[in-house]
Protein chains: 2
Amino acid sequence: MEKKAKDLSTEERIKAAARTLFTRKGYAATRTRDIAKEAGINLALLNYYYRSKEKLFDLVILENFGQFVEGVRAIMNEQTTSLEEKIEGLVNLYIGKLLANPDLPLFILNEMRSNPKTLKSKGLTKDMLRNSHFMKQLTEELILRRKLSVNPIHFVMNTLAMTVFPFAAAPLLKEVSGMSEEVFVALMEERRKLIPVWIKKIMQP
Amino acid sequence: MEKKAKDLSTEERIKAAARTLFTRKGYAATRTRDIAKEAGINLALLNYYYRSKEKLFDLVILENFGQFVEGVRAIMNEQTTSLEEKIEGLVNLYIGKLLANPDLPLFILNEMRSNPKTLKSKGLTKDMLRNSHFMKQLTEELILRRKLSVNPIHFVMNTLAMTVFPFAAAPLLKEVSGMSEEVFVALMEERRKLIPVWIKKIMQP
DNA sequence: AAATTATTTAATCAAGTGATTAATATTTCC
DNA sequence: GGAAATATTAATCACTTGATTAAATAATTT
């Protein structure tokens, strides 16, 4: 079957609909009839193409985790960039990703809580953090050069926290602060530059 | 009926079971039969005491949001403490809360994403942040004294991010770093002192 | 002790859900 | 053009789920 220009195939439309709804609402709260309606197809086609709701969900996990970690390994293991440049790269990567897909953080956090080994089986390798050039540089900087007795993991947590948490908590932050979506997005754009500066500051002895 | 010493009533046991499962798994993924089994009761009692699954869930939301915001207003509006002391109080409050109930952050974040007005109808008032003494002190410190052109909301986000995110992301952080639960808890305890220091540092011009 | 109220249970129900299927339509291949 | 393959649909099914109910038991009140 020749696909129409600019249009997805039925198979792709089902997967896109599934991804949207599973990411936003989770597995249990998403009905197969919801997916069919979102995709604009008959329900039987979901089973025709994907065999079951669960197999479709497995695909969505694969894609979401793939998107979550895409680009990380390259940044973390670039041999010619400084620690500071790596942090800038990582922060920019994630702010860009999450502005485009604000439902992703909660999906990842929820799935990791339900199935902690998911990330390992979906592409996470040791060189994304533990055996990365980044971690080597961070440890050298903190322990050897600055003689800090603080565990370097704190700074990894802080970098991820300041970058990812605002997206996961956006509805909460908007409610407690009264800010609009526009203001929120503007703050996230500001944080591209601010977060690396803050991380640099808190690493000072 | 006289309740046995040290034992909850049937009604309380049902609510405790519901809270455990709803907080961990969410509304849709929790079956009423699951709750009945967890509470050790016949399923009909759930409807006898609470009328429906949804009403029971509403109670759990009320309790969880109540616990989430308990203590915040007092810290935020204490007239005799400094900005720094408020930050220390807030960080200690939340690290204590979340060490005791690590499932709470994701529950709150999920519920806020599903129903953004929930917090407003469950006890959030403007004097918890926007009209708080804390916010007044923060704005004064940043704008008037240090002449920073950075939106004070960034620091609120950072404080919450560094405090809450590690708990929400604990499975992810343990997986990428390889640390154990014991190491994780130790790091959280360290952060009681570290986070206020970091916040102080990033507020420097 | 009897009446009343509260609690508990097994059985059952209606509605919803994920999956299946026979039939039909469309597209591709020879 | 017909056969084969692929795609699609409405109807249906078995099972699950939240809720209900009649009956039995326990506790409380009179």
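Chain A is the first sequence line, chain B the second, and so forth, proteins listed ahead of strands; every chain is numbered from 1.
- For the pair A:K174 and A:F184, the cation-pi criterion (under 6.0 Å, within 45° of the ring axis) is fulfilled.
- Side chain of A:K53, nearest nucleotide from D:dT9, C:dT9, C:dG18: C:dG18.
- If you measure from atom NZ of B:K55 to atom P of D:dG18, you get 16 Å, rounded to the nearest angstrom.
- Heavy atoms only, all atoms of each residue included: A:M157 and B:L187 are closest at CE-CD1, 3.8 Å.
- Rounded to an integer number of Å, the gap from B:I41 CD1 to C:dT7 C1' is 12 Å.
- Residue contacts shown for A:Y49 are limited to sugar-phosphate atoms, with no base heavy atom under 4.0 Å away.
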Stepwise salt bridge (Lys or Arg N to Asp or Glu O under 4.0 Å) check, A:K193 with A:E190: CA-CA 6 Å; A:K193 297 292 182 185; A:E190 290 174 15; over 6 Å; no

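- The two residues A:A28 and A:R31 come nearest to each other via the heavy atoms O-NH1, 3.3 Å.
- Residues of residues 13-32 of chain A having a heavy atom closer than 4.0 Å to DNA chain C, listed by number: A:T30, A:R31, A:T32.
- In this structure, B:L46 atom CG and C:dT7 atom P are separated by 15 Å, rounded to whole Å.
- Atom OH in B:Y48 sits about 12 Å away from atom P in C:dT5, given to the nearest Å.
- Of the residues near DNA chain D, A:R33 and A:E11, the one whose nearest nucleotide (by heavy atom distance) lies more toward the 5' end is A:E11.
- Residue B:N47 places none of its side-chain N or O atoms closer than 4.0 Å to OP1 or OP2 of D:dG18.
- Using a 30° and 60° split on the angle between ring planes, A:F22 and A:F57 fall in the perpendicular class, above 60°.
- Between the C1' atom of C:dG16 and the CG atom of A:D34 lies a distance of 12 Å, rounded to the nearest Å.
- Taking atom CG on A:L43 and atom P on C:dA22, their separation rounds to 17 Å, with Å as the unit.
- Using cut-offs of 30° and 60° for the angle between ring planes, the B:F107 and B:F65 rings count as perpendicular.
- A distance-only check finds a donor-acceptor pair linking the side chain of B:Y50 to the backbone of B:E11 [under 3.5 Å].
- D:dT21 atom P lies 10 Å from atom CZ of B:R51, rounded to whole Å.
- Straight-line distance from the CG atom of A:L45 to the C1' atom of D:dA7: 7 Å, rounded to whole Å.
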